[in-house]
2 protein chains.
Amino acid sequence: MAEISIRDLAKELKLSIGTVSKALKDSHEISIPTKEKVFALARQLNYIPNPYASSLRGKKSNTIGVVVPEIADSFFSHAIKGIESVAQGKGYHVLIYLTDESFLKEEFILQDFKSGRVDGVLLSISSETSNILHIEQLKKKNIPLVLFDRTVEEISTTKIITDDLESSYKATHHLLKRGCRKISFLSISRHLSINNKRIEGFLKALSDHQAGACRNNIIDCTNDNKQNQAILHKILQSAERPDGIIASVEKLTIPVYLACRELQLNIPRDLKIISFSNSEAAPVMNPSLTTVTQPAYEMGKRAAIILFKAVEKKNFKMPNENIVIPSSLFIRSSAE
Amino acid sequence: MAEISIRDLAKELKLSIGTVSKALKDSHEISIPTKEKVFALARQLNYIPNPYASSLRGKKSNTIGVVVPEIADSFFSHAIKGIESVAQGKGYHVLIYLTDESFLKEEFILQDFKSGRVDGVLLSISSETSNILHIEQLKKKNIPLVLFDRTVEEISTTKIITDDLESSYKATHHLLKRGCRKISFLSISRHLSINNKRIEGFLKALSDHQAGACRNNIIDCTNDNKQNQAILHKILQSAERPDGIIASVEKLTIPVYLACRELQLNIPRDLKIISFSNSEAAPVMNPSLTTVTQPAYEMGKRAAIILFKAVEKKNFKMPNENIVIPSSLFIRSSAE
DNA sequence: CTGAAAGCGCTAACAG
DNA sequence: CTGTTAGCGCTTTCAG
């Protein structure tokens with residue numbers, strides 16, 4: 001079953017290739033009867049245009065690239081869902097790449113994008129990313145880029161974020177109200193501005209509350225689960241054991257719960273916890289988890305919508321701005 | 001910054017286009033010094049080949065398509081992670097499409113694949129899919145296809161599945177052992193063989209246990225959360241209230257927990273529950289959730305590895321077989 | 001309204 | 001070892 005091409009249609013209909021091409025695009029310069037004949041035959045022979053030929057010719061791939069550190073994470077999976085839904089609506093294709101928190105992978109992937117493989121890029125940077133040359137290079141190639149969630153201030157483009165500082169402030173404030181006096185903040189990477197904003201909110205809440213200087217309440221976690229477990233065990237067993245924890249990222253939640261269980265610490269009595277999490281299981285956890293929940297799906301959607309504006313409108317100048325969609329604090333038993 | 005092409009390299013080096021092309025592919029018919037010059041200039045000018053030109057020429061996209069019903073689900077997100085990891089290792093690109101359980105979307109997406117956009121396809125069908133013409137048509141185009149998890153027996157290709165019947169049997173058996181006598185099975189779609197296998201295992205366990213005929217213990221749920229909630233409330237309030245539940249799919253778990261809470265039913269005392277779930281939160285749920293956990297990541301990986309075999313080896317005949325990777329039953333408090 | 005022709009960037013014969 | 005050439009399938013001037 002040889003692929004049938006525009007040429008085959010032309011031959012069959014005794015028309016020129018150019019005419020058929022225009023007819024298929026419903027060009028106004030083609031007569032109605034001709035168009036009808038072309039459409040009819042195309043349908044009959046089940047003609048499907050070769051996307052790579054069009055892409056080569058038109059320098060347009062109808063494809064966007066999505067680069068995220070992780071996918072087995074409710075935030076990212078919901079964000080991707082949002083992205084995919086708008087892409088599908090627009091007839092675009094979505095290439096997914098996982099950096100797995102590796103700067104090298106991220107660099108490699110963006111490097112490839114310079115080829116014109118994608119018409120636009122949605123990026124949430126890896127936790128290792130501090131050097132941003134690869135991102136600037138991509139921008140220099142005039143490939144539209146929207147950053148979401150894990151953004152980089154220095155890159156001039158539109159960024160979709162949530163109110164990290166404020167929501168972290170609120171979370172911390174809530175713990176303080178509930179009587180916590182030794183709150184630890186589980187940090188995921190000092191390279192991530194999103195993480196640092198959350199730290200800022202945390203510290204601001206502490207100082208506003210006159211809780212005094214906080215020595216070492218910021219715990220640097222890693223990308224390695226085992227290591228994190230060890231870290232958690234250590235701090236939960238120390239004399240300086242915290243009475244409150246803010247987990248700045250979803251994947252640290254379960255380890256905290258498990259560590260508490262092993263060490264026979266009662267949540268919320270001995271330790272209150274609030275997580276940045278989009279997990280649907282939060283309300284049925286034991287105890288139910290107080291969360292800062294990000295508008296993941298919405299963020300993905302917005303990011304995609306803005307990206308497509310830049311992709312579709314010629315000389316659309318991507319504004320250098322932060323679009324902030326607020327998170328919600330859901331108070332549940334873990335921080336009662 | 002005009003894109004630099006193979007022609008620019010050739011001009012600059014006073015070589016022919018063909019020579020440069022071969023040099024870049026490290027062809028043995030090019031002298032070492034020439035290759036070195038070519039590589040040097042390519043690096044210096046930051047030459048990046050146009051993928052669509054190669055694809056058009058070579059009828060090879062270096063891209064695979066992944067079609068799944070959902071992504072905000074631990075099974076699928078982990079499976080995709082497995083797929084992406086092998087694709088990335090092979091230098092392939094991954095197009096993701098969500099059908100959102102819609103047959104029409106699935107049909108449309110596979111239709112597009114006939115264009116040659118992808119070199120191979122990984123598919124997990126939608127819950128609406130009963131007609132499989134679109135899949136067979138894809139196969140007719142000689143596009144390698146591997147089905148995973150939600151497969152179709154009738155399609156002759158390799159399928160990566162788990163031991164649905166057996167694991168469902170074990171789960172049911174466990175509930176019976178714990179004293180359940182009225183077990184309801186929450187079914188997601190009678191079109192899905194995976195669902196039906198689980199039902200089979202369920203019924204077999206019941207009959208092996210001589211629990212007698214089971215009237216209407218199979219509850220047909222839908223894709224709509226609200227509706228499912230209503231259904232659950234109804235059965236949990238009825239006189240015939242079950243004392244055990246098997247949730248054949250992760251997303252039904254939380255609704256059951258919430259319904260029980262509202263109706264003041266104690267899990268596991270009044271109702272025991274086992275879910276097919278890959279949620280990492282299972283051990284910290286209230287009560288901790290007994291799960292049948294599928295080897296999601298492994299399944300994705302295996303599916304991809306086999307797909308690449310077919311994609312890369314010419315005349316590789318995809319065996320028509322089921323590759324079964326077993327699930328694990330994790331017994332926790334919800335079914336004590 | 002339709003046709004002819006050039007060419008997107010690359011690859012692979014084939015020739016030399 | 002290097003060069004020439006003919007396309008892959010499509011779009012888009014430009015003529016007619």
Side-chain angles (χ1 to χ4, degrees), chain A residues 1-39 41-42 45-63 112-119 141 314, chain B residues 1-39 41-42 45-63 112-119 141 314:
Chain A
M1 181 186 272
E3 288 319 313
I4 99 114
S5 76
I6 221 170
R7 163 146 66 245
D8 303 320
L9 299 181
K11 215 177 293 172
E12 183 82 17
L13 292 168
K14 295 189 172 136
L15 285 170
S16 80
I17 286 179
T19 304
V20 174
S21 172
K22 285 177 210 155
L24 287 171
K25 308 206 95 65
D26 205 10
S27 159
H28 56 277
E29 47 174 328
I30 301 295
S31 73
I32 311 275
T34 303
K35 280 190 204 169
E36 277 170 355
K37 269 184 288 183
V38 171
F39 281 127
L41 187 65
L45 299 187
N46 203 1
Y47 165 72
I48 301 181
N50 180 316
Y52 296 127
S54 322
S55 290
L56 176 58
R57 180 60 235 248
K59 306 200 161 305
K60 182 92 175 27
S61 66
N62 275 284
T63 302
D112 172 80
F113 286 171
K114 292 185 202 155
S115 68
R117 188 184 299 279
V118 296
D119 296 338
K141 289 270 179 182
K314 45 215 143 233
Chain B
M1 182 187 272
E3 289 319 314
I4 99 115
S5 77
I6 220 169
R7 164 146 65 245
D8 303 320
L9 298 182
K11 215 178 294 170
E12 183 80 17
L13 292 169
K14 294 183 174 143
L15 286 170
S16 80
I17 286 181
T19 304
V20 174
S21 173
K22 285 178 210 151
L24 287 171
K25 308 205 94 65
D26 205 10
S27 159
H28 57 275
E29 45 174 327
I30 301 295
S31 74
I32 312 274
T34 304
K35 280 191 203 167
E36 277 171 356
K37 269 185 288 185
V38 171
F39 280 129
L41 187 65
L45 299 187
N46 204 359
Y47 165 72
I48 302 180
N50 180 317
Y52 296 128
S54 323
S55 291
L56 176 57
R57 182 59 234 253
K59 306 201 163 305
K60 183 88 173 29
S61 66
N62 274 284
T63 303
D112 172 80
F113 286 170
K114 292 185 202 155
S115 68
R117 186 183 299 281
V118 296
D119 297 337
K141 288 270 178 181
K314 45 216 144 230

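A note on names: the letters A, B, ... follow the listed sequences, proteins ahead of strands, and every chain is numbered from 1. Computed from a prediction, not measured in an experiment: that's the story for all the values here.
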With a 4.5 Å cut-off on side-chain heavy atoms, are [Y] and [X] touching?
X: B:Glu3; Y: A:Lys114; value: no
X: A:Ile30; Y: A:Val38; value: no
X: A:Tyr47; Y: A:Leu41; value: no

Nearest whole angstrom, please: distance from the [atom2] of [N] to the [atom1] of [X].
X: A:Lys11; N: D:dC10; atom1: NZ; atom2: P; result: 13 Å
X: A:Leu9; N: D:dG9; atom1: CG; atom2: P; result: 12 Å
X: B:Leu13; N: D:dT2; atom1: CG; atom2: C1'; result: 13 Å
X: A:Lys60; N: D:dT12; atom1: NZ; atom2: P; result: 12 Å
X: A:Leu45; N: D:dG9; atom1: CG; atom2: C1'; result: 16 Å

So which atom in [X] and which in [Y] form the shortest heavy-atom distance, rounded to 0.1 Å?
X: A:Ser61; Y: A:Arg117; value: OG-O, 3.1 Å
X: B:Asp119; Y: B:Lys60; value: OD2-NZ, 3.4 Å
X: B:Ala53; Y: A:Leu56; value: CB-CD1, 3.8 Å

Expected list for residues 31-38 of chain A near DNA chain D, using heavy atoms below 4.0 Å, is none
Taken in chain and number order and not counting sequence neighbours, the residues that satisfy side chain to side chain donor-acceptor pair (under 3.5 Å) with B:Thr19 are B:Ser16
Residue set satisfying side chain to side chain donor-acceptor pair (under 3.5 Å) with B:Asn50, at least two apart, ordered chain then number -> none
So OH of B:Tyr52 and OG of A:Ser115: to nearest 0.5 Å the spacing works out to 7.0 Å
NZ (B:Lys141) and CG (A:Asn46) are apart, to the nearest 0.5 Å, by 6.0 Å
Are there any protein N/O atoms within less than 3.5 Å of an N/O atom in nucleotides 7-10 of chain C, and if so, which ones and at what distance?
unit_1 : atom_1 : unit_2  : atom_2 : d
C:dG7  : N2     : A:Arg57 : NH1    : 3.3
C:dC8  : OP2    : B:Arg7  : NH2    : 3.2
C:dC8  : O3'    : A:Lys59 : NZ     : 2.9
C:dC8  : O2     : A:Arg57 : N      : 3.4
C:dG9  : OP1    : A:Lys59 : NZ     : 2.9
C:dG9  : N2     : B:Ala53 : O      : 3.3
C:dC10 : OP1    : B:Tyr47 : OH     : 2.5
C:dC10 : OP1    : B:Asn50 : N      : 3.2
C:dC10 : OP2    : B:Ile6  : N      : 2.6

Any N/O pairs under 3.5 Å between the protein and nucleotides 14-16 of chain C? List them or say none.
none

Is any side-chain nitrogen or oxygen of B:Ser16 closer than 4.0 Å to OP1 or OP2 of D:dG3? yes
For residues 20-32 of chain A, the side chain to side chain donor-acceptor pair (under 3.5 Å) pairs (sequence neighbours left out) are A:Asp26-A:Lys35, A:Ser31-A:Thr34
